[in-house]
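To start, the structure under review is shown below, and the notes come after it.
Letters A, B, ... are given to chains in the order of the sequence lines, protein chains preceding strands, and every chain is numbered from 1.
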Amino acid sequence: MNVPEVVEYVKGLPDIVHAERNLFTCSEEGISAIKKGIKGHNLNRVIVASCTPRTHEPLFRAACEEAGLNKYLFEFVNIRDQCSWVHMREPEKATQKAKDLIRMGVAKARLLEPLEEVETPVIPSCMVMGGGVVGMSAALNLAEQGFEVHLVEKGKGLGGTLLDLYKLFPTNEQASKLVESAIQKVAAQSKIKAYLSTRVKDVRGFIGNFEVVLDQDGKESEIKVGTIIVAIGAEELKPVHQYGYGKFPNVVTQLELEQRMKKGEFEGQNVVMINCVGARIPERTYCSRFCCMTAVKNATLIRESNPASKVWILHRDLMAYGEDFENYYRWSMEQGVRFIRYDREKPPQVIGDGTAEKVRVWHQLRGREIELPADMVVLTTPLIPRADNEEISKMLKVPLSEQGFFLEAHVKLMPLEFATEGIYICGSARWPTEIAEGVAQAYGAAAKAAIPMRRGYVKPEAITSYVNEDLCGGCGICFEMCPYSAIEIKAENGKRVAHCITALCKGCGTCGAACPSGAISMNHFTDEQILAQIAALTA
Amino acid sequence: MAKLKLGLYWAASCGGCDVAVLDTNEKILDIAQIADLVFWPIALDFKYHHVEAMEDKAIDVCLFNGAVRSSEQERIARLLRAKSKTMVAFGSCACFGGIPALANFTNRAEIMERAYVEAPSNDNLDRTFPRIQTEVAEGELELPELYDTVLTLAQVVDVEYFVPGCPPPVDLILKIVDALATNSLPPPGAVIASEKTLCDECDRKKEEKMISKIYRSHEIIPDPERCLLEQGILCMGPATRGGCGARCIKVNMPCRGCFGPPAGVVDQGAKLVSAIASIYQAKNDEDIARMVEEIVDPAGTFYRFGLADSILKRKRLQKLESGG
Amino acid sequence: MNRDKFEPLILGFACNWCAYAGADLAGVSRFQYPPNMRIIRVMCSGRVDPTFVLKAFASGADGVFIGGCHPGDCHYIEGNYKARRRYELLKKMLPQYGIESERLRLEWISASEGARFAEVVMDFINVIKELGALGKRQDQ
């Protein structure tokens, strides 16, 4: 596009006192030009027309602030991602579009208001939900940094799913050894207070100051924390009515197999494992990622303990990522585990009378159906979201994915935190995760949670809603809009008025759009600002 | 103190606003004490030429009711503006277009067709329509031109005050009369009503603003204690300026919006679309479809009084493409 | 009217987290689409007041586009559902104003759907081209 032409156009817009072109506005040179401009021309609004506010707004805002201008008096116009880069073959029209976009930005900038960010203190204490290995890892990490931790576990003891596991891949160490050492460390850590048989009943408040009601076997107590980490894990799918599960006593899941192996109750000469049971199907599209390795491990352990046994793994694909898993997989083949690939269109059949006796499967390479003898059939099922995820997501006001797992704020850049500040996520509650990854995530979540607690205060963005009580009729529509309970209805002398609890508001503006009295303004995206932008669509 | 000179006029209106002035009952004597009526077509025998003969600004206050939808109404609006010190848009039609402005969902040609051809009582095979000019033996007759678009008074002339209501309630009439008498009028541009919405003066119990079915008024006998909207009745109160004393609500009828948008609202109907759709408990496509179906006439319901004053003001007038 | 020469003017509202990010990705990926749309960034599609849509039509837009997060993915949990309901009711009302309901479009576009953003915008421009100009709707 023709940038000099755009600059000339902008110079002619009302209220513009200075316009200049920079090659890289985000460079040191561009930043100092902004600061110089603010001081030299005594500017009270600054507009940058370049790339996207999603990446560069903080930089330019900071430049304004350094030059003494409130950072909310800065407006960003995107003429790169929405203009020069996507209309490369139509430079004239792109130039016109850039002019239009800047004119609209100027219209908004004229009405921008300075906003103040309110500092609120952060209680240096964290609630970790879930006492499994991931939750314990997060709790230990924070406690070792000196923060108080409330570790809340709904089961009778700490340890979580690991308590049921036999040995762990890729090291074949006893699960109980690993989990017991973690439990001992937690017990020895004076900064951690563990609550067993306890559910989180209610959470109110916001980053820095959450008020949590705990229910321990019917007895309620309240704690105050600055941050919350969700580490409640997930559960194994029970494939009822599939492959004879629930019908034949010798058809079990991998977890049930491990429980038997752990107790030394496992017997089986011919074992057939079927992978991807209930996974990667239309109603549950995802891959649970580590269950292939669980099957490979259990199959190998069976072969190891009983070299006379025969173990087959019927799989669709095989997920053995990274060096350790790949090596383990190769080793399992050396140990005599047999792998047969099956087709989802022609799934294996478990045949028996009273107990499962054989498994019939279409052998893709041989191009014919084969029969495998089976005195035990093991179904490899994915992890699924816990039943109480929905309740917890509502309580914490954090989203779930379509599948029902907790949804992080950004899949790449904010993987361990929610959009709701002060609440973090790790382990299989977010997505099926094997232990090493889960522990790494726990450390990450703990590190994120430590930031506001170490700093001691938070300054939430001032993009929040504001209720003009002189206009509010108290209808209560806004109250129903807010997923964060940031709106409360106050009643005084029989008159109702809405009020926004600024610290809870995330700034979506849904309440403002719904407010029928025009009493709610959405700071930085006010009706007046947006209507002015719209009106400037055509000059 | 010299008596005020008061003028009243009715443009596109039903006469209810004039009757409302009489509804002041014995208080009308107080009005007569402080004001001389110099023009009031519905009640007194003044003619247009009497007004034309007045000096500019000879009338202290003109209470103008009715919307403007004909050349005659526009001419008189301009005339009265010139002759009046203070112009008051009196009643919903003058303020926002009111019920007559629902005509903005159609146009002159369609209205003429309906009124002079299609209406069942017509016998008009020759398709005779009123014309602006007609030659008769005695000379040329002239009728006012009916506009395609119904206008608010403020879209035609400058207006100092707005008294909304269909019709304005007596206490608001007395309020402005009192302000005139004591020379304590608010700054020009003011709406003589509440700054807040109707909900503020509605005494009904408000609990949860969530609805999962919308009832038309013949489908339900509303609980007289509870918020009507929460019972699924389309009440315009949340997006309507208060000041009426919730008079419809008190007789168990939902607000129809005659006081127009509250101070902070640009477009009453758009706000109602937003508010009602927002609180409808729609979990899936079927729920949304049901909501859309249950709101039988969204534009007519949400812009019953405010169409002429809304953002779009009227239905789009199609340009004739064939005409070039 | 000459359809080939008619260049619609479209106003778009895009939520910061999904649709706007999708537009950014379209940019970074250099997906080309015609320059008929002007975007206003809002934090959430739930911020889009029907007032804005009507104002856009009154201000000369031939079409209005709203882009939000996919169902279940809203950054603010359920703002997009509110947007959806308002949109459906608006679509019923617009024809009463003589504005074809196709002139208003709501689409879910994620931050990773740059290609889809370009496709959807292109498709919408074509729909509006077919419908023709709405024209600047001043008081008639």
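Taking chain A as the reference chain and counting heavy-atom pairs below 4.5 Å, the highest number among C/Cys15, C/Cys74, C/Ala21 is found for C/Ala21. Considering only heavy-atom pairs separated by less than 4.5 Å from chain C, the leading option among A/Thr55, A/Leu400, A/Ile530 is A/Ile530. In terms of heavy-atom pairs under 4.5 angstrom with chain A, the leader among C/Asp24, C/Ile77, C/Leu11, C/Asp49 is C/Asp24. In terms of non-hydrogen atom pairs under 4.5 Å with chain C, the most contact-rich of A/Leu531, A/Val77, A/Ile463 is A/Leu531. Among C/Phe13, C/Tyr20, C/Trp17, C/Phe31, the residue with the largest count of heavy-atom pairs under 4.5 Å with chain A is C/Tyr20. Options C/Val48, C/Leu9, C/Thr51, C/Ile40 differ in how many heavy-atom pairs under 4.5 Å they form with chain A, and the most are formed by C/Ile40.
Within the 4.5 angstrom heavy-atom criterion, no atom of A/Phe418 approaches chain C. For chain A, the nearby part of C/Lys82 is the side chain; its heavy atoms alone come within less than 4.5 Å. Both the backbone and the side chain of A/Met88 come within less than 4.5 Å of a heavy atom of chain C. Contact of A/Ala514 with chain C is made through backbone and side chain together, with heavy-atom distances under 4.5 Å.
A salt bridge links A/Arg204 to A/Asp202: one of the charged nitrogens lies within less than 4.0 Å of a carboxylate oxygen. A salt bridge links A/Lys99 to A/Glu5: one of the charged nitrogens lies within less than 4.0 Å of a carboxylate oxygen. With respect to A/Lys93 and A/Asp100, no salt bridge is recorded, no charged nitrogen being found less than 4.0 Å from a carboxylate O. Using a 4.0 Å cut-off between a side-chain N of Lys or Arg and a carboxylate O of Asp or Glu, A/Glu75 and C/Arg41 do not qualify as a salt bridge. Under 4.0 Å is where a charged nitrogen must lie from a carboxylate oxygen, and between A/Lys108 and A/Glu528 no such pair does.
Checked by atom type, the side-chain pair A/Asn523/A/Glu113 shows no donor-acceptor distance below 3.5 Å.
Annotation: cation-pi pair C/Arg103/C/Phe57 absent, no NZ/CZ under 6.0 Å from the ring centroid and within 45° of its normal.
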